[in-house]
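Okay, so here's the structure we're looking at.
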Amino acid sequence: MLSIGLLTGVLALGLTGCGTTTGERALSGAGLGAAAGAGTAAMTGGSISKGAVIGGGLGAAAGAATDRNDIDLGRRRR
């Protein structure tokens with residue numbers, strides 16, 4: 001179970017910096033949410049597919065709700 005949690009964390013970190021447009025943020029949020037949901041379900045003994053679907057939906061909604069100025073992509077301010 002610990003290895004599933006670690007794998008989920010590594011995959012989530014790979015997706016955190018993705019997305020400059022609303023669609024890209026929604027897509028990367030969906031991937032991040034699905035990975036987190038599946039990992040959480042696996043560690044708690046729940047349904048992995050249901051966890052992935054719920055997490056993916058919540059992640060997509062959160063990604064779409066953010067705008068370009070909410071996310072610091074390391075750009076230098078003038």
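Closest of all the heavy-atom pairs between Gly51 and Ala41 is CA-CB, 4.2 Å. Across all non-hydrogen atoms, the minimal contact from Thr22 to Ala64 is CG2-O, 3.7 Å.
Taking CD1 of Ile48 as the start and CE of Met43 as the end, the distance is 10.5 Å to the nearest 0.5 Å. Note that CD1 of Ile54 and OG1 of Thr40 are 11.0 Å apart. Values are rounded to the nearest 0.5 Å.
Looking at Ser28, its side chain does come within 3.5 Å of a backbone N or O of Arg25 through a donor-acceptor pair.
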